[in-house]
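Since we're looking at a predicted model, the values are computed, not measured.
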Amino acid sequence: MQSVLNTVKGTALNVAEYLTPVLKESKFRETGVLTPEEFVAAGDHLVHHCPTWQWAAGDETKTKPYLPKDKQFLITRNVPCYRRCKQMEYVGEETLVEEESGDGGWVETHQLNDDGTTQLEDKICELTMEETKDEMHTPDSDKSAPGTAAGAEDEDEDDDEAIDMDDFEESGMLDLVDPAVATTTRKPETETKAAGTSSAAAAAGGEASGGGDSAVLHTRTYDLHISYDKYYQTPRLWVVGYDEQRKPLTVEQMYEDVSQDHAKKTVTMESHPHLPGPNMASVHPCRHADIMKKIIQTVEEGGGQLGVHLYLIIFLKFVQTVIPTIEYDFTQNFNMS
């Protein structure tokens, strides 16, 4: 139902955008919107300071006359996405760790499982140290089966005179304790094979289900576009994702990389204004101008002044709250104070 409403709304906004005249006079400081010329200036500034972004022309049949032909929208490709949003969105316990100097503290976050234990406890393998002489042995040591009598003889030999190192080396005994061939005690081969088979089956099952608890890191990549929305008179972000084989992600897979507070609401699937083909995920621009206006007011209240050329750099920072796992923001820092 939500997708149907989004489609109807998108169609209505396309008509409204067509009828909306192009903004000619700057209203950046008053309302937080941009003219097409200001959008191009902000784009040039972004490309200069972050070369991973580039201008693109798009499809000739979709060229907007109020923008230069070679600067229709901005694009950056192959942006990594290492985690899904559900791996970040959890309710944890926070403990404030105070510093004795009184300069402040830091927050220690513990992720709790359903049973009240921490997730870290399940990730750590139990380590034990057994005080036995069989912990470290050589492959040749398995050929002998020392009994009780042999162990007693070894204890008696400890009281004998130390062996000369030259004689010990000539006897070849050094080869038996070479650390390069030393191994730790292992489980029986049949047990090891059974465990390996179970692990492989579990991993295959998790991969087939598209997730699971596999320790393998599956990296997705995204192409990001920034276009100018004539109706809202602000930039608009578009994203399209790919898996490790560079195959396009499904709609539901892309929603896994969107904050669940914004999925199918702020982020919807719509047609790209400059490219043909299937719909792309887009961050709806209805709130962009209001957010930018508040940022401008905050900067001016602190005695500063925000230039319109910084618009896209700031835009990318506050939009990242919607897609927090897509690591695209390598732009310059911005201080509001």
Side-chain angles (χ1 to χ4, degrees), residues 6-28 31-79 221-242 246 248-249 251 254 266-289 292 307-316 319 322-323 326 328 331:
N6 291 335
T7 302
V8 174
K9 184 185 293 185
T11 303
L13 288 175
N14 288 336
V15 175
E17 181 180 7
Y18 177 77
L19 298 175
T20 301
V22 178
L23 181 64
K24 298 293 184 180
E25 183 181 354
S26 177
K27 295 182 180 180
F28 169 66
T31 60
V33 298
L34 290 176
T35 66
E37 291 77 12
E38 290 172 332
F39 172 75
V40 172
D44 288 340
H45 184 79
L46 176 64
V47 170
H48 175 74
H49 287 277
C50 190
T52 55
W53 288 93
Q54 296 294 329
W55 283 107
D59 188 87
E60 292 184 359
T61 60
K62 292 177 172 278
T63 299
K64 308 300 181 184
Y66 48 83
L67 292 171
K69 289 186 178 181
D70 59 340
K71 295 183 178 181
Q72 293 287 299
F73 67 99
L74 291 149
I75 183 173
T76 182
R77 294 182 173 88
N78 299 322
V79 180
T221 56
Y222 277 84
D223 293 348
L224 278 62
H225 305 174
I226 302 177
S227 66
Y228 178 77
D229 191 291
K230 192 178 74 163
Y231 179 76
Y232 288 101
Q233 300 166 345
T234 62
R236 183 168 189 168
L237 183 68
W238 304 80
V239 298
V240 56
Y242 304 90
R246 196 62 184 175
L249 299 176
V251 174
M254 283 193 285
T266 307
V267 178
T268 55
M269 303 299 296
E270 300 185 35
S271 59
H272 196 284
H274 301 284
L275 296 174
N279 291 352
M280 293 176 58
S282 173
V283 180
H284 203 271
C286 59
R287 298 283 298 169
H288 293 354
M292 183 59 66
V308 69
H309 63 283
L310 294 173
Y311 197 112
L312 291 181
I313 290 178
I314 301 170
F315 166 79
L316 287 173
V319 169
V322 180
I323 45 176
I326 302 178
Y328 65 85
T331 56

If you compare all heavy atoms of M254 against all heavy atoms of V239, which two are closest, and at what distance to 0.1 Å? SD-O, 4.2 Å
Of all the heavy-atom pairs spanning A42 and V308, show the shortest one and how long it is. CB-O, 3.8 Å
What distance do L224 atom CG and L316 atom CG have between them, rounded to the nearest 0.5 Å? 8.0 Å
Under the criterion side chain to side chain contact (heavy atoms under 4.5 Å, CB included), I'd like the reasoning laid out for K64 against Q72: C-alpha separation, chi angles, the key distance, then a yes or no. CA-CA 7 Å; K64 308 300 181 184; Q72 293 287 299; 3.5 Å; yes
Do you see a donor-acceptor pair shorter than 3.5 Å between the side chains of E38 and S26? yes
Looking at V283, L74, V322, which hits side chain to side chain contact (heavy atoms under 4.5 Å, CB included) with L237? V283
Can you confirm whether or not the ring centre of H284 sits under 6.0 Å from the ring centre of Y232? yes
Look at the side chain of T52 and the backbone N and O of T76, then say whether any donor-acceptor pair between them is shorter than 3.5 Å. no
Where do K230 and Y66 land on the side chain to side chain contact (heavy atoms under 4.5 Å, CB included) test, with the steps shown first? CA-CA 9 Å; K230 192 178 74 163; Y66 48 83; 3.6 Å; yes
Quick check: do N78 and Y242 have side-chain heavy atoms less than 4.5 Å from each other? no
Anything under 30° is parallel, anything over 60° is perpendicular, the rest tilted; go ahead and classify F73 against H225. tilted
With a 4.0 Å cut-off, would you call R246 and D223 a salt bridge? yes
Report yes or no: does Y311 contribute a side-chain atom to a donor-acceptor pair with the main-chain N or O of T234 at less than 3.5 Å? no
For Q54 and V47, run side chain to side chain contact (heavy atoms under 4.5 Å, CB included): C-alpha distance rounded to whole Å, both residues' side-chain angles, the deciding distance at 0.1 Å, then the answer. CA-CA 6 Å; Q54 296 294 329; V47 170; 4.3 Å; yes
So do F28 and V33 actually touch side chain to side chain, heavy atoms under 4.5 Å? no
Side chain proximity check, Q233 to L34, heavy atoms < 4.5 angstrom: no
Kindly give the heavy-atom pair with the smallest separation between R236 and D229, and that separation in Å. NH1-OD2, 3.3 Å
So which heavy atom on W55 is nearest to which on G43, and how close? CZ2-CA, 3.5 Å
For M292 and H288, run side chain to side chain contact (heavy atoms under 4.5 Å, CB included): C-alpha distance rounded to whole Å, both residues' side-chain angles, the deciding distance at 0.1 Å, then the answer. CA-CA 6 Å; M292 183 59 66; H288 293 354; over 6 Å; no
Classify the ring geometry of W238 against H272: parallel below 30°, tilted from 30° to 60°, perpendicular beyond 60°. tilted
For G58 versus L275, what's the shortest heavy-atom pair and its separation? CA-CD2, 4.0 Å
Taking only residues two or more places apart in sequence or in another chain, which ones pass side-chain contact (heavy atoms from CB on, under 4.5 Å) with P68? V40, D70, K71
Please tell me if the side chains of I226 and W53 come closer than 4.5 Å, counting only heavy atoms from C-beta onward. yes
I'd like to check K62 versus P273 (side-chain heavy atoms, cut-off strictly below 4.5 Å). Are they in contact? no
Looking at K69 and A57, what are the two nearest heavy atoms and their distance? O-CB, 3.3 Å
